[in-house]
Amino acid sequence: MSYQQLTELVEAGVHFGHQTRRWHPRMRGFILESRNGIHILNIEETLRQIDAAANFLSDLAAKKKRILFVGCKRQAQEAVQQAAEACGQFFVNHRWLGGTLTNMETIRKSVKRWNWLDDLPKLPEYKAMSKKEISALGREKTKLERNLKGIRYMDGTPDAVVIVDSAREHIAVAEARRLRIPIVALVDSNADPDLIDYPIAANDDAIRSIRVILQKLIDPIIAATAK
């Protein structure tokens, strides 16, 4: 654990939790102090958690396993997509559709529908459609693409999920737990860390905080995949 690593996390605001009135008692062990009504997270513990999670994910990557990155809040959307694409994994960054993990048959039907809409201009029936029909189908295609673009080619349940904001993405957490899929997640001071296999106590609202942690998770994945 180096001074440089700790400084990087502090400069990104990783240590800032929520207001003291918005906290989960099970986060007590990860909170260092309160300052001006804000909980301050123990950054040294956060760094240890990042290392544990990164080692777990790199081991999976070395075995060619599937990892799903999840983060649908505005601050996380771009970072989640970029992180997943950088290490060749899957992502959900717009909206978590109920059953994404527990009812994948329905998700695959939606993907099949998207594929059909993609091919529609090449089909004979396209010429017989009115402008109104084509416009409606175009809107449907846009919606499907937005929701499913990161899991279009995910043909089975992932071997792990990485979640930004476990409290907000509680449905994704519940589905992963139901299927016993290991969870790596950023847990802010308002979240329950006991629901997460590899919790990372961190500010999950600041873009810089999200980016710096995701980068520390994907670098070992990329290195393991390159071997």
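What you see below is based on every heavy atom in this structure, not just the backbone, and it leaves out hydrogens, waters and symmetry mates. Since the model is a prediction, treat every value here as computed from it, not as a measurement. Numbers for residues simply follow the sequence, beginning at 1.
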Assess whether a salt bridge exists between Arg152 and Glu145, defined as any Lys/Arg side-chain N lying under 4.0 Å from an Asp/Glu carboxylate O. no

Side chain to side chain donor-acceptor pair (under 3.5 Å) evaluation trace for Arg146 with Thr142: CA-CA 6 Å; Arg146 189 171 58 229; Thr142 298; over 6 Å; no

Give a yes or no on whether the backbone of Asn93 and the side-chain of Gln77 come within a donor-acceptor separation of less than 3.5 Å. yes

Ignoring hydrogens and geometry, is there a side-chain-to-backbone donor-acceptor pair from Arg108 to Met154 under 3.5 Å? yes

Option from Gln81, Gln75, Gln82 for which side-chain hydrogen bond (donor to acceptor under 3.5 Å, both in side chains) with Glu78 holds: Gln82

Return the set of residues passing ring-ring contact (aromatic ring centres under 6.0 Å, His included) with Trp114 (not counting sequence neighbours), or none when no residue passes. none

Cationic N near anionic O, under 4.0 Å, Glu33 to Arg35: yes

Using a strict 4.0 Å threshold on nitrogen-to-oxygen distance, state whether Asp204 and Lys73 make a salt bridge. yes

Here the gap from Leu186 atom CG to Leu214 atom CG, rounded to the nearest 0.5 Å, amounts to 6.5 Å

So how far is it from Thr225 OG1 to Lys65 NZ, rounded to the nearest 0.5 Å? 13.5 Å

Taken in chain and number order and not counting sequence neighbours, the residues that satisfy side chain to side chain donor-acceptor pair (under 3.5 Å) with Asn103 are Thr106

To the nearest 0.5 Å, what is the distance between OG1 on Thr100 and CG on Leu68? 8.5 Å

Under a 4.0 Å N-O cut-off, is there an ion pair linking Asp155 with Arg66? yes

Run the side chain to side chain contact (heavy atoms under 4.5 Å, CB included) check on Cys72 and Arg168 step by step: do they pass? CA-CA 9 Å; Cys72 301; Arg168 186 186 191 278; 3.6 Å; yes

I'd like to know if the side chain of Glu45 reaches the main chain of Phe30, judged simply by a donor and an acceptor atom lying under 3.5 Å from each other, with no hydrogens or angles considered. no

Should Lys143 and Glu140 count as an ion pair when the cut-off is N to O under 4.0 Å? no

Taking the side chain as every heavy atom from C-beta outward, state whether Ile38 and His18 have any atom pair closer than 4.5 Å. no

Supply the atom-to-atom distance Asn203 CG to Leu9 CG, rounded to the nearest 0.5 angstrom. 11.5 Å

Lys216 and side-chain contact (heavy atoms from CB on, under 4.5 Å): which single residue from Ile200, Ile50, Asp51 fits? Ile50

